[in-house]
Amino acid sequence: QVQLVESGGGLVQAGGSLRLFCAASGGPFSSYAMGWFRQAPGKEREFVAAINRSGGSTDYGDSVKGRVTISRDNGKNTVYLHMSRLKPDETAVYYCAARRSYSASVETRARYRYGYDYWGQGTQVTVSP
């Protein structure tokens, strides 16, 4: 059973940057593909980014490409999400997710909620105008 704990959220002005952290425990971290999603009030949970087991393969949602970087440190059991040029409509709860993976690259299902078995509780990101 993998436990995921997100941190790093907070209040940031539009155009600013933020780095989110997801600390994992309870499993062999390097065996898990990881993803970040976000959910704004009244909206569906949206795919933000995904990364494969080794960190050598990544994928991004269309709305964040070029402004967001996902990375991981398997020695620290942590995955990161660096976001820049943030917009007010990106205010949301950001969730980290994990799935046991046997693939060397990011799989298509990494873009969907059903592609993950474990979820964190989320961290709030608020972008002020």
Side-chain angles (χ1 to χ4, degrees):
Q1 187 78 8
V2 175
Q3 291 82 43
L4 304 172
V5 179
E6 301 95 335
S7 62
L11 176 64
V12 62
Q13 286 188 327
S17 300
L18 206 59
R19 193 184 195 195
L20 304 183
F21 304 80
C22 174
S25 61
F29 184 66
S30 61
S31 297
Y32 288 86
M34 305 296 294
W36 283 97
F37 287 71
R38 64 189 180 191
Q39 189 165 17
K43 294 188 176 181
E44 295 290 318
R45 195 166 294 191
E46 176 190 17
F47 169 70
V48 177
I51 191 167
N52 73 330
R53 296 177 303 167
S54 68
S57 177
T58 58
D59 188 22
Y60 296 94
D62 291 341
S63 64
V64 303
K65 280 182 182 176
R67 299 186 297 113
V68 167
T69 301
I70 186 171
S71 60
R72 67 189 294 163
D73 185 336
N74 286 347
K76 295 183 178 179
N77 288 5
T78 301
V79 63
Y80 308 93
L81 186 72
H82 185 263
M83 304 182 291
S84 62
R85 304 198 304 276
L86 283 162
K87 307 171 187 177
D89 64 1
E90 295 185 295
T91 293
V93 177
Y94 285 69
Y95 296 92
C96 175
R99 177 189 79 253
R100 190 74 179 251
S101 174
Y102 303 93
S103 174
S105 60
V106 176
E107 300 167 276
T108 301
R109 58 175 170 164
R111 286 179 160 256
Y112 304 96
R113 292 183 65 172
Y114 69 77
Y116 297 90
D117 299 315
Y118 306 100
W119 292 84
Q121 294 300 305
T123 185
Q124 175 71 46
V125 172
T126 302
V127 185
S128 63

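Keep in mind that this is a model prediction, so the values were computed, not measured.
Between atom CG of residue D117 and atom OH of residue Y32 there is a gap of 8.0 Å, rounded to the nearest 0.5 Å. Note: C22 SG to N77 CG = 10.0 Å, rounded to the nearest 0.5 Å. For the atom pair CZ of R67 and CG of L86, the computed distance is 6.5 Å after rounding to the nearest 0.5 Å.
Shown here are the salt bridge (Lys or Arg N to Asp or Glu O under 4.0 Å) partners of K43, two or more places apart in sequence or in another chain: there are none. Under the salt bridge (Lys or Arg N to Asp or Glu O under 4.0 Å) criterion, R109 pairs with E107, not counting sequence neighbours. By the salt bridge (Lys or Arg N to Asp or Glu O under 4.0 Å) test, R72 is found to be paired with no residue, residues two or more places apart in sequence or in another chain being considered. Every residue two or more places apart in sequence or in another chain that forms a salt bridge (Lys or Arg N to Asp or Glu O under 4.0 Å) with E46 is listed here: R38. Residues satisfying the side chain to side chain contact (heavy atoms under 4.5 Å, CB included) test with A97, not counting sequence neighbours, are Y116, W119.
Checked by atom type and distance alone, the side chain of T123 pairs as donor or acceptor with a backbone atom of G9 at under 3.5 Å.
Cluster annotation: M34 and Y118 are assigned to the same hydrophobic cluster (Ile/Leu/Val/Met/Phe/Trp/Tyr, side-chain heavy-atom contacts under 4.5 Å, transitive). Residues V64 and V12 share a hydrophobic cluster, clusters being chains of Ile/Leu/Val/Met/Phe/Trp/Tyr side chains in contact below 4.5 Å. Residue V2 is not grouped with residue F37 when hydrophobic side chains (ILVMFWY) are merged at heavy-atom distances under 4.5 angstrom, including chains of intermediate members. Note on V106: it does not cluster hydrophobically with Y95, by side-chain heavy-atom contacts below 4.5 Å among ILVMFWY residues. Cluster membership check: L20 shares its hydrophobic cluster with V79, using side-chain heavy-atom separations under 4.5 Å among Ile, Leu, Val, Met, Phe, Trp and Tyr.
Among all heavy-atom pairs drawn from K76 and T78, the shortest one is O-OG1, 2.8 Å. Scanning both residues, S17 and H82, for their nearest heavy atoms gives CB-NE2, 4.3 Å. Listed here is the closest heavy atom pair of A24 and L4: CB-CD2, 3.7 Å. Nearest approach of E90 to V127, heavy atoms of both residues: C-CG2, 4.4 Å. For the pair G26 and Q3, the tightest heavy-atom approach, listed with the atom from each and the gap, is CA-OE1, 3.9 Å. The nearest pair of heavy atoms linking A33 to R53 is N-CG, 4.2 Å.
Q124 places a side-chain heavy atom less than 4.5 Å from the side chain of T91.
Cation-pi geometry between R19 and Y80 is met: the NZ or CZ atom falls under 6.0 Å from the ring centre, inside 45° of the normal.
Heavy-atom neighbours of Q121 CD from other residues, nucleotides or ligands within 6.0 Å: at or below the threshold of 12.
Of the listed residues (V68, T69, I70, N52), just one forms a side chain to side chain contact (heavy atoms under 4.5 Å, CB included) with T58, and that residue is I70.
Residue pairs meeting the ring-ring contact (aromatic ring centres under 6.0 Å, His included) criterion with at least one member in residues 49-68: none, sequence neighbours excluded.
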